[in-house]
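Heads up, the thing below is written out as structure tokens.
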Amino acid sequence: MNASRSNSISQQIKKKASELGFDLCGIAPSHPLPEREKILRDWCKRGMNGGMGYLERSIEKRVNPDFLLPGAKSVIVTGSNYYTSDNQVEKDVPILSRYAFGKDYHDVIIKKLDQIIDFINDRVVEAECLSFVDSEPLLEKAWAVEAGLGWQGRHSIVINDKLGSFFFIGIIILNIELEYDSPYKTNRCGNCRLCIDLCPTGAINEDGTIDARKCIANLTIENRGPIPEEIIPKIGGRVYGCDKCQEVCPWNKKAKSHSTAEFELSEEIRQMKIEEWLNLTRDQFDRIFKNSPVKRRKYEPFMSSVKIASKFIS
Ligand code: SF4
Ligand code: SF4
């Protein structure tokens with residue numbers, strides 16, 4: 001494809017992404033990321049990945065889109081705001097992370113990414129594309145930086161200077177060349193270290209990586225074993241995920257609420273009293289969280305987290 005055609009297609013893709021409701025869209029050239037590979041290897045070597053042993057087994061894939069789509073030339077990265085000021089905190093119930101308030105973001109976002117793919121395939125017949133949201137072994141945050149969406153803050157999450165950090169990252173890898181954005185090279189955290197100082201468990205390392213063994217988000221979502229005894233007193237009322245490091249970040253002070261109906265907290269969950277959380281049956285759990293990211297957690301560990309969280313609720 002000649003340069004002017006690829007520029008024009010790139011602009012059309014971004015326009016389409018905006019029409020579909022994506023808040024951010026950037027495009028990076030596909031290539032390996034050796035520096036990221038080194039950081040990831042070192043992080044795993046220090047045991048910081050906790051129970052996520054699968055991360056060690058797929059490091060090369062995570063830093064090179066060519067493993068996922070042979071012949072990859074470009075990576076489109078989208079951002080979808082999920083911020084809401086509705087944070088449950090004053091309602092004396094177990095706290096869900098904002099990203100888990102509504103329908104499963106995988107399902108919501110993949111449908112829109114696939115509409116972008118249809119749009120591309122209608123215009124470039126030779127285009128092969130692979131879309132995913134947090135479901136393939138690729139360092140999505142690193143690619144968000146490569147595509148110019150923002151920088152990785154000290155809490156490791158990508159911050160966009162206008163949107164803040166409460167956004168989902170969506171990826172399309174494709175085998176055609178496009179017009180590229182510049183990577184976001186500047187780290188704009190400056191002298192701030194609020195997230196490091198206010199993380200309840202001290203999980204944020206000085207080098208901007210996270211110790212998953214201490215991180216409440218990992219321990220209440222991914223972790224398969226019990227929550228370590230020394231972490232329990234620091235959990236607060238959190239039952240699924242933790243937003244603390246994002247809540248204290250100055251870049252989120254002006255975050256605007258999203259306008260995606262699917263990301264809203266369901267009325268049923270909003271109305272649940274602490275007794276209802278504590279007495280949730282398996283059937284109720286399956287029904288209430290059927291379309292929610294919370295279903296990633298099994299019933300037993302979820303209820304164990306509810307019991308722990310309830311100790312912090314008056
Ligand atoms: S999610 Fe919570 S526990 Fe994990 S690093 Fe952020 S503030 Fe710390
Ligand atoms: S709280 Fe401060 S140090 Fe942490 S990510 Fe935000 S700006 Fe950076």
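For the numbers below, each heavy atom of this structure counts, side chains included, while hydrogens, waters and symmetry mates do not. Start at 1 and go down the list; that is how both ligands and their atoms are numbered. Not measured: the values here are computed from a predicted model.
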Practice task
Could you tell me whether a side-chain N or O of Ser97 sits under 3.5 Å from a main-chain N or O of Ala100, the two making a donor and an acceptor?
Solution key: no

Problem - Flag, side chain of Asp181 to backbone of Gly148, donor-acceptor distance under 3.5 Å - result: no

Completion exercise
Nearest non-hydrogen protein atom to atom 7 (S) of ligand 2, with distance, is Trp251 CD1, 3.6 Å

Problem - Non-hydrogen atom of Ile159 closer than 4.0 Å to ligand 2 - result: yes

Practice task
Mark yes or no for whether Thr220, through its side chain, and Gly241, through its backbone, hold a donor-acceptor pair below 3.5 Å.
Solution key: yes

Handout entry: Per-atom contacts, ligand 1 versus Thr201 - under 4.0 Å to a heavy atom
Key = 3 (S)

Exercise for the section: Ignoring hydrogens, just give me the one of Cys195, Gly190, Ser156, Ser165 whose non-hydrogen atom is nearest atom 1 (S) of ligand 2. Expected result: Cys195

Problem - Per-atom contacts, ligand 2 versus Arg154 - under 4.0 Å to a heavy atom - result: 3 (S), 5 (S), 8 (Fe)

Handout entry: Backbone of Ser8 reached by a side-chain donor or acceptor of Gln11 within 3.5 Å
Key = no

Problem - Heavy atom of the protein closest to atom 5 (S) of ligand 1 (residue, atom name, distance) - result: Ile204 CG1, 3.6 Å

Exercise for the section: Check ligand 1 against Pro200 and write out every atom of the ligand that is under 4.0 Å from a heavy-atom position of the residue. Expected result: 7 (S)

Handout entry: Protein heavy atom at shortest distance from atom 2 (Fe) of ligand 1
Key = Cys242 SG, 2.3 Å

Exercise for the section: Provide the number and element of each atom of ligand 1 under 4.0 Å from a heavy atom of Lys244. Expected result: 7 (S)

Practice task
For this output row, return yes or no: ring centroids of Phe263 and His258 closer than 6.0 angstrom.
Solution key: yes

Exercise for the section: List every atom of ligand 1 that sits less than 4.0 Å from any heavy atom of Ile216, numbering the atoms from 1 in the order shown and giving each element. Expected result: 3 (S), 4 (Fe)

Exercise for the section: Quick one: look up the protein heavy atom nearest atom 6 (Fe) of ligand 2 and list residue, atom name and how far away it is. Expected result: Cys249 SG, 2.4 Å

Exercise for the section: Answer yes or no: is there an ion pair linking Lys214 with Glu230, defined by an N-O contact shorter than 4.0 Å? Expected result: no

Exercise for the section: Going by heavy-atom distance to atom 3 (S) of ligand 2, choose the closest among Gly153, Gly164, Cys192. Expected result: Cys192

Practice task
Determine, for Asp207 against Arg46, whether the closest basic-nitrogen to carboxylate-oxygen distance falls under 4.0 angstrom.
Solution key: yes

Problem - Cationic tip of Arg287 above Phe289 ring, under 6.0 Å, 45° of axis - result: no

Completion exercise
closest protein heavy atom to atom 4 (Fe) of ligand 1 is Cys215 SG, 2.4 Å

Practice task
Determine, for Phe166 and Arg98, whether the Lys NZ or Arg CZ falls below 6.0 Å from the six-membered ring centre while staying within 45 degrees of the axis.
Solution key: yes

Problem - N/O/S from Cys245 sitting under 2.8 Å away from atom 2 (Fe) of ligand 1 - result: no

Exercise for the section: Under 4.0 Å from a heavy atom of His155: give me the atoms of ligand 2 that qualify, with their elements. Expected result: 5 (S)

Problem - Which residue and heavy atom of the protein sit nearest atom 8 (Fe) of ligand 2, plus the separation - result: Cys189 SG, 2.3 Å

Handout entry: Heavy atoms from other residues, nucleotides or ligands near CD of Glu35 exceed 12 (cutoff 6.0 Å)
Key = no

